[in-house]
Amino acid sequence: MKKILIVYYSRRGENHYDGGMKYLEVGNTEKAAAVIAEAVGGERFRVERAVPYAESYRACVGEAVAEWKAGARPELVGFCDGVDEADVIFVGYPIWCGTMPMPMYTFLEHYDLTGKTVVPFCTHEGSGFGSSLEEIRRICHGAVIAEALEVKGCKVDENAERIAEWARSGVGCC
């Protein structure tokens, strides 16, 4: 039986949502990660920046843009002990600045994922994957990169079955 890990970064609080702003108790990517976990099992690990981003969405965007321009690798609260044992790693993130949030770079660059299956998924509000898949292929060299899934963040709930079906096909076990 394959050991599955679902690693994700997700923003709670004030978010861009369907053309406006909305306060989210649970971020869109976190919702998608929960659907995946229900569909295929596995452990979930939330990537968290040591110094949280600003509560205000606009201020957060300013911080994210500055990090992206600087190529920053922000410090994280911690790393996941289960990566070495995992066979399949779902990697989820919102699209920021046309790619993954910089904490995901910090996380992924910390590990050697050679021989593992990496299954990317992202949420966005209209930009699709941006350059994130190319970045994952670059960072996760030696890993098998499975078919990725992108979902408009404000449509995660209504796409739960599509997310679950995709997840089951991504691990080939269910």
Side-chain angles (χ1 to χ4, degrees), residues 2-13 15-18 22 24-49 53 60 64 68 76 79-80 82-83 85-111 113 115-174:
K2 295 179 182 177
K3 178 156 169 119
I4 298 170
L5 179 63
I6 303 153
V7 173
Y8 65 94
Y9 177 85
S10 190
R11 178 173 166 80
R12 299 172 181 153
N15 272 273
H16 185 255
Y17 190 91
D18 203 20
K22 183 175 180 178
L24 303 176
E25 292 290 334
V26 178
N28 297 318
T29 308
E30 186 172 4
K31 285 182 181 182
V35 170
I36 293 165
E38 186 173 318
V40 299
E43 292 182 37
R44 283 188 279 169
F45 181 83
R46 179 185 170 93
V47 175
E48 296 182 70
R49 191 173 178 250
Y53 288 104
C60 174
W68 173 71
L76 303 180
F79 291 92
C80 179
V83 171
E85 294 81 34
D87 301 302
V88 177
I89 304 170
F90 286 85
V91 176
Y93 49 88
I95 294 296
W96 289 6
C97 303
T99 191
M100 300 178 286
M102 300 316 286
M104 290 303 294
Y105 285 82
T106 303
F107 184 86
L108 291 172
E109 290 172 353
H110 182 77
Y111 299 97
L113 300 178
K116 304 206 180 282
T117 299
V118 173
V119 190
F121 66 101
C122 78
T123 58
H124 62 88
E125 285 301 315
S127 61
F129 287 112
S131 65
S132 67
L133 294 180
E134 290 82 12
E135 292 296 311
I136 286 175
R137 285 184 194 100
R138 180 184 62 76
I139 295 167
C140 303
H141 56 87
V144 173
I145 309 299
E147 181 183 347
L149 178 75
E150 54 88 14
V151 179
K152 192 167 182 185
C154 65
K155 305 287 186 191
V156 168
D157 291 336
E158 66 191 64
N159 279 285
E161 186 53 38
R162 180 172 76 99
I163 295 167
E165 288 174 13
W166 164 83
R168 287 188 289 268
S169 72
V171 296
C173 70
C174 310

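Annotation: the span from I139 atom CD1 to L113 atom CG amounts to 9.5 Å, rounded to 0.5 Å. A distance of 5.0 Å separates OH in Y53 from CH2 in W96, rounded to the nearest 0.5 Å. Considering OG1 of T117 and CD1 of I145, their distance stands at 8.5 Å, rounded to 0.5 Å. Between atom CZ of residue F90 and atom CG of residue L5 there is a gap of 10.0 Å, rounded to the nearest 0.5 Å. R44 contributes atom CZ, which lies 7.0 Å from atom CD of E30 (distance to the nearest 0.5 angstrom). Distance OH/Y9 to CG/L76: 10.0 Å, rounded to 0.5 Å.
Taking each heavy atom of V118 and A143 in turn, the nearest pair found is CG2-CB, 3.8 Å. Taking all atoms of both residues into account, the shortest heavy-atom contact from V47 to P103 is CG1-O, 3.9 Å. Between E125 and D18, the shortest heavy-atom contact is OE1-N, 2.9 Å. S10 and N28 make their closest contact through OG-N, 3.8 Å (heavy atoms, listed as atom of the first residue, atom of the second, distance). Of all non-hydrogen atoms in K3 and G82, the two that sit nearest each other are CE-O, 4.4 Å. Across S132 and Y93, no two heavy atoms sit closer than the pair OG-OH, 2.7 Å.
The shortest distance between side-chain heavy atoms of C60 and R11 falls below 4.5 Å. Within the 4.5 Å cutoff, no side-chain heavy atoms of F79 are placed close to those of V7. Side-chain contact check for L149 versus R162: some heavy-atom pair is nearer than 4.5 Å.
Evaluation of the side-chain hydrogen bond (donor to acceptor under 3.5 Å, both in side chains) rule for H16 yields no partner, not counting sequence neighbours. Partners of K152 by salt bridge (Lys or Arg N to Asp or Glu O under 4.0 Å), not counting sequence neighbours: none found.
No more than 12 heavy-atom neighbours from other residues, nucleotides or ligands sit within 6.0 angstrom of CD on E43. Within 6.0 Å of CD on E48 lie more than 12 heavy atoms contributed by other residues, nucleotides or ligands.
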**Request:** Take I136 and M100, measure what side chain to side chain contact (heavy atoms under 4.5 Å, CB included) needs, and give me the verdict at the end.
**Result:** CA-CA 9 Å; I136 286 175; M100 300 178 286; 3.9 Å; yes

**Message:** Between T99 and Y105, does the side chain to side chain contact (heavy atoms under 4.5 Å, CB included) criterion hold? Intermediate values first, please.
**Reply:** CA-CA 10 Å; T99 191; Y105 285 82; 2.7 Å; yes

**Asked** V35 and W166: side chain to side chain contact (heavy atoms under 4.5 Å, CB included), yes or no, with the steps?
**Response** CA-CA 11 Å; V35 170; W166 164 83; over 6 Å; no

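Remark: side-chain polar atoms of K116 are paired, donor with acceptor, to backbone N or O of A86 under 3.5 angstrom. Looking only at distances, no side-chain donor or acceptor of E150 sits under 3.5 Å from a matching main-chain atom of C122. Listed for the N15 side chain is a donor-acceptor partner under 3.5 Å among the backbone atoms of G13. The main-chain N or O of F121 is never found under 3.5 Å from a side-chain atom of Y8 such that the two would form a donor-acceptor pair.
In summary, R138 and E135 engage in a salt bridge, as defined by a charged side-chain N under 4.0 Å from a carboxylate O.
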